[in-house]
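Presented below is the structure to which this report refers.
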Amino acid sequence: MVTSSAPSETPIIPLSEALKQMARVTVLGAGAWGTALARLALSNGNQVQIWSRRGPSDLKSAVADADIVVSAISMKGVSALASQLQTAALKTSTILVTATKGLDPETTRTPSKIFRDTFPDNPIVVLSGPNLSKEIEAQLPAATVVASTDVDAAARVQQVYSSEMFRIYTSPDPVGAELGGTLKNVIAIAVGVCDGLKLGSNAKAALITRAIPEMLRVGVHMGAQVETFYGLSGLGDLLATCDGTLSRNYRVGYGLAQGKKLDDILAELGSTAEGVNTAHVLIDMANRDGIPVPIARQVHRLLRGVITPQEAVGNLMERQLKPEACDLRAKN
Ligand SMILES: NC(=O)c1ccc[n+]([C@@H]2O[C@H](COP(=O)([O-])OP(=O)(O)OC[C@H]3O[C@@H](n4cnc5c(N)ncnc54)[C@H](O)[C@@H]3O)[C@@H](O)[C@H]2O)c1
Ligand SMILES: O=P(O)(O)OC[C@H](O)CO
């Protein structure tokens, strides 16, 4: 029997009981992740509707009665969507869940920060974890994190989405949860390059491991908690996304290593690879604020066509020698 997650001193509620409290859920975005999140909510007995910018329903009526609105669109649309939702006069009791993994190019804000700034009175929850949508759609078991400063809102989303196949943990660190999912996309591009060049298991292990302090430095700079990066939304998502061809970001790196052009790879994917945009925003921020991000910097230069995949590897290997110890405020 699956139970709602709780510290040992709190009562354990059988899932069947929890599911009786069904919710009206509106999912925004009918892409791979929006569709999967709509199906998960539906299969738990919730009342679900899905809105997409090209669909027939208008946004205002789609969110009017919703207990929970889940935003699962690409980063490039989040800021405009938040403004549209404001016009739609969202109820302040509606829980806003964001499942997008990216950074706003104009302001470097995360999606939860955009929603927080636009809806100061609504509970905001981040849903993020190792969740490749194809595996979720195939009903393979997976786990994720719902993170919010509003404990009740996180618990409500946990209850609405938890099932025998989708295990959900709560977290009090929304910024950390979404940054883990966002930053690993850039690393997945690097790992795709590593595999595409057939550099071997040692190189891949080194790359993934050295990515952790890099992600931590950015995370701490943006106000995230260190321990979040060692959980499902950080290390967990890093491992899932760097594992291979189910990840679109990994496929971007793999394609670049094979000498393909970025535009051709993205056209072939036909869906969102957020790491490309994230690399640009991240490097702007790192340059502005002096954050050392050596792996992301090589990915960024490769995406801009300034260096070859082989040069990116050389540039990383030939950096100044130093101790391994992870100083979160390191200067190089
Ligand atoms: N697919 C996954 O496995 C997965 C898992 C977890 C998180 N995510 C994240 O979810 C987000 C969406 O990914 P996806 O896989 O569904 O991508 P997708 O390319 O399949 O779909 C993107 C969706 O966003 C919508 N969209 C794009 N621009 C928009 C705009 N300007 N206004 C409104 N809607 C817009 C599209 O119409 C589409 O519905 C990304 O940030 C991704 O990182 C994806
Ligand atoms: O296909 P990707 O690379 O966007 O990864 C999807 C998810 O973020 C994995 O958790």
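We're numbering straight along the sequence, starting at 1.
Taking 4.0 Å as the cut-off between side-chain N and carboxylate O, Glu311 and Arg301 do not count as a salt-bridged pair. Salt bridge Asp67/Arg24: present, at least one basic N to carboxylate O contact under 4.0 Å. Ion pairing between a basic and an acidic side chain is recognised when a charged N comes within 4.0 Å of a carboxylate O; Asp237 and Lys101 show such pairing. Using a cut-off of 4.0 Å between Lys/Arg side-chain N and Asp/Glu carboxylate O, Arg39 and Glu137 are scored as salt-bridged.
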Exercise for the section: Would you please test Gln86 and Thr118 for side-chain hydrogen bond (donor to acceptor under 3.5 Å, both in side chains) and show each step? Expected result: CA-CA 7 Å; Gln86 207 171 25; Thr118 317; 5.7 Å; no
Exercise for the section: Take Asp117 and Lys113 through the salt bridge (Lys or Arg N to Asp or Glu O under 4.0 Å) test and state the conclusion after the steps. Expected result: CA-CA 6 Å; Asp117 290 347; Lys113 181 79 170 75; 3.0 Å; yes
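Counting only residues at least two apart or on different chains, the side-chain hydrogen bond (donor to acceptor under 3.5 Å, both in side chains) pairs with a member in residues 180-202 are Lys184-Thr241, Asn185-Asn249, Asp195-Lys204, Asp195-Tyr250. Legend: salt bridge (charged side-chain N to carboxylate O under 4.0 Å, His left out) pairs involving residues 44-64, not counting sequence neighbours: none detected.
Under the 3.5 Å distance criterion, the side-chain polar atoms of Asp289 are left unmatched by any main-chain donor or acceptor of Ile291. Proximity of a side-chain donor or acceptor of Thr35 to a complementary backbone N or O of Gly31 within less than 3.5 Å is detected. Between the side chain of Trp51 and the backbone N or O of Ser57 there is at least one donor-acceptor pair closer than 3.5 Å. Looking at Thr107, its side chain does come within 3.5 Å of a backbone N or O of Arg109 through a donor-acceptor pair.
Note: the hydrophobic cluster containing Leu127 also contains Val70 (ILVMFWY, side chain heavy atoms under 4.5 Å, direct or indirect links).
Open room surrounds CD on Gln139; 12 or fewer heavy atoms of other groups in view lie less than 6.0 Å from it.
What you find for Arg297 and Ala286 is that their closest heavy atoms are NH2-CB, 4.2 Å.
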